Amino acid sequence: MEAAGEAAAVPAEELRAAAAFVAPLRPEPAAAAAVVLPERLQRREAERQQGVERQRQKKEAQVVKEEQSEFFVAAFSREREAVEALLAAGPLEEAAARLQGLQKLLTESVRFLAPYELRQGQEAVARLQGDLAARRQQLQPKKKFAFRALKKEAAPGSEPRPAEPARPAAAEPAPCPGTAEGEPGGPPLCGFSGAENQELELGPAELLQRDVLLSQLRGCRVRLRGNANTVRVRDCRGCTVLCGPVSTSVMVDGCSDCVLVLACQQLRTHRTCDSRFYVQVTSRAVIEDCTKVFFAPYAWSYPGIERDFESSGLDRSRNNWNLVDDFDWLATDRPSPNWSLIPEQERISCWD
């Protein structure tokens with residue numbers, strides 16, 4: 001019996017030894033999972049941390065943007081009230097200088113303003129510019145009043161003297177053909193309206209810090225050599241507009257098949273299509289309800305343009321010709337299909 005028990009015990013011990021030898025060679029499922037699982041968790045944790053960091057940066061950027069917006073609103077309101085007070089009772093030159101500073105503040109704040117804040121600022125500046133033009137018109141010297149000689153009755157029995165030929169009255173300066181009449185209820189503007197297939201031009205003396213309106217032109221070529229205050233181009237078809245430096249803003253509305261060469265602080269374009277812009281703009285250009293509009297850098301020169309740039313206050317070293325905000329395109333990951341850049345080989349360099 002003992003021999004049989006010992007004989008039976010030997011195989012069991014050998015089996016246990018063999019099992020102990022083979023066991024390390026086979027990885028246990030739990031151990032394998034323990035190796036893989038931490039790597040997966042580490043990746044998830046890294047992704048989570050990245051997401052948290054992105055959210056933190058986004059929140060900080062939003063806070064900074066809100067702070068900048070609050071600062072702008074307070075500063076803009078303060079400057080607007082100062083301009084209004086100067087327009088009411090102060091010297092107009094100081095009002096014009098403060099208004100130009102107000103426009104510059106708006107231009108430099110475009111990148112962080114909400115669209116409605118930008119619109120409100122632009123409307124306020126445009127209104128103040130109209131008020132300034134109206135005040136200048138009111139303060140222009142009026143014509144001197146002249147008494148007209150009364151006819152004396154002839155003495156009884158005397159022969160009536162022959163009437164002297166009437167002297168022609170001084171002729172009033174008639175508006176040139178196609179001159180813009182101005183806004184309803186506002187001061188007359190400098191510019192052209194209703195002309196077709198004409199060469200139109202205004203010089204430095206006519207443009208200096210004036211508001212210019214070009215409207216309802218067809219197939220015209222317009223040259224504005226000088227420093228205007230504002231320029232508005234409305235309802236023009238097939239026209240070329242060459243414009244010197246504008247101190248504040250240019251508004252283009254309802255135009256098609258036009259070429260516009262513009263230098264300004266701010267450019268805003270509405271309801272315009274199939275048109276090309278060559279611009280020197282210190283802020284970002286804005287388009288709205290526009291299609292097939294194209295941009296290239298400003299490329300016009302004429303004798304005296306450097307002097308006009310100095311008068312306008314524009315910074316020639318700063319040109320955002322290729323930065324355009326489309327108010328109808330809110331996607332940030334895809335470019336707007338409504339505008340594009342003019343290829344270099346297609347750009348016009350000679351305008352004469």
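Just so you know, these numbers come straight off a predicted model, no measurement behind them.
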Hydrophobic cluster identity match, [X] and [Y], side-chain contacts under 4.5 Å:
X	Y	answer
Leu202	Leu208	no
Ile287	Leu341	yes
Ile342	Ile348	yes
Val250	Leu200	yes
Leu314	Tyr278	yes

If you look at every heavy atom in [X] and [Y], which pair is closest and at what distance?
X	Y	value
Pro245	Ser312	CB-OG, 3.6 Å
Leu102	Arg80	CD1-N, 4.0 Å
Cys239	Gly219	SG-N, 3.6 Å
Gly238	Cys258	N-SG, 3.8 Å
Cys236	Gln216	SG-N, 4.1 Å
Arg237	Ser256	CD-OG, 2.8 Å

Show, in sequence, the C-alpha distance, side-chain angles and deciding distance for Phe295 and Asn322, and conclude whether the side chain to side chain contact (heavy atoms under 4.5 Å, CB included) test is met.
CA-CA 7 Å; Phe295 291 84; Asn322 56 348; over 6 Å; no
Could you tell me whether the side chain of [Y] reaches within less than 4.5 Å of the side chain of [X], counting heavy atoms only?
X	Y	value
Val125	Ser249	no
Val324	Trp329	no
Arg232	Asp253	no
Leu242	Tyr302	no
Ser215	Asp235	no
Val246	Leu262	no

Whether the side chain of [X] engages the backbone of [Y] through a donor-acceptor N/O pair (distance < 3.5 Å, no angle test) should be reported.
X	Y	result
Gln280	Arg318	yes
Glu206	Gly203	yes
Trp351	Ala299	yes

What verdict does the side chain to side chain contact (heavy atoms under 4.5 Å, CB included) test give for Leu214 and Leu224, after you've listed the backbone C-alpha separation in whole Å, the side-chain angles of each residue and the deciding distance to 0.1 Å?
CA-CA 11 Å; Leu214 307 174; Leu224 304 177; 4.3 Å; yes
Test log, rule side chain to side chain contact (heavy atoms under 4.5 Å, CB included), inputs Cys264 and Val231
CA-CA 9 Å; Cys264 56; Val231 172; over 6 Å; no
Does Glu344 have more than 12 heavy atoms from other residues, nucleotides or ligands lying within 6.0 Å of its CD?
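Count not over threshold, so no.
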Glu45 and Gln49: side chain donor to acceptor below 3.5 Å
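Gln49 and Glu45 do have a side-chain donor-acceptor pair below 3.5 Å.
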Do Thr248 and Thr230 meet the criterion of a side-chain donor-acceptor pair at a distance under 3.5 Å?
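No.
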Reference residue Glu201; test side chain to side chain donor-acceptor pair (under 3.5 Å); the match among Arg223, Arg225, Arg221
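Output: one option passes, namely Arg225.
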Residue of the set Arg210, Glu310, Gln209 for which side chain to side chain donor-acceptor pair (under 3.5 Å) holds with Asn227
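Going through Arg210, Glu310, Gln209 one by one, the side chain to side chain donor-acceptor pair (under 3.5 Å) with Asn227 is satisfied by Gln209 alone.
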For a side chain to side chain contact (heavy atoms under 4.5 Å, CB included) with Thr240, tell me which candidate from Leu260, Val222, Val259 qualifies.
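Checked Leu260, Val222, Val259 against Thr240; only one passes side chain to side chain contact (heavy atoms under 4.5 Å, CB included): Val259.
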Check the pair Glu47 / Arg43 against salt bridge (charged side-chain N to carboxylate O under 4.0 Å, His left out), numbers first and verdict last.
CA-CA 6 Å; Glu47 292 173 357; Arg43 285 198 301 270; 5.9 Å; no
Between atom CG of Leu87 and atom CD of Glu94, what is the distance when rounded to the nearest 0.5 Å?
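Leu87 atom CG to Glu94 atom CD measures 10.5 Å (nearest 0.5 Å).
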Measuring from Thr282:OG1 to Asn319:CG, what's the distance to the nearest 0.5 Å?
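One finds 9.0 Å between OG1 of Thr282 and CG of Asn319.
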One thing to verify: whether Asp274 and Arg276 come together as a salt bridge, which I'm taking to mean a side-chain N less than 4.0 angstrom from a carboxylate O.
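A salt bridge is absent here (no side-chain N lies under 4.0 Å from a carboxylate O).
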Stepwise side chain to side chain contact (heavy atoms under 4.5 Å, CB included) check, His270 with Phe327
CA-CA 10 Å; His270 297 269; Phe327 280 2; over 6 Å; no
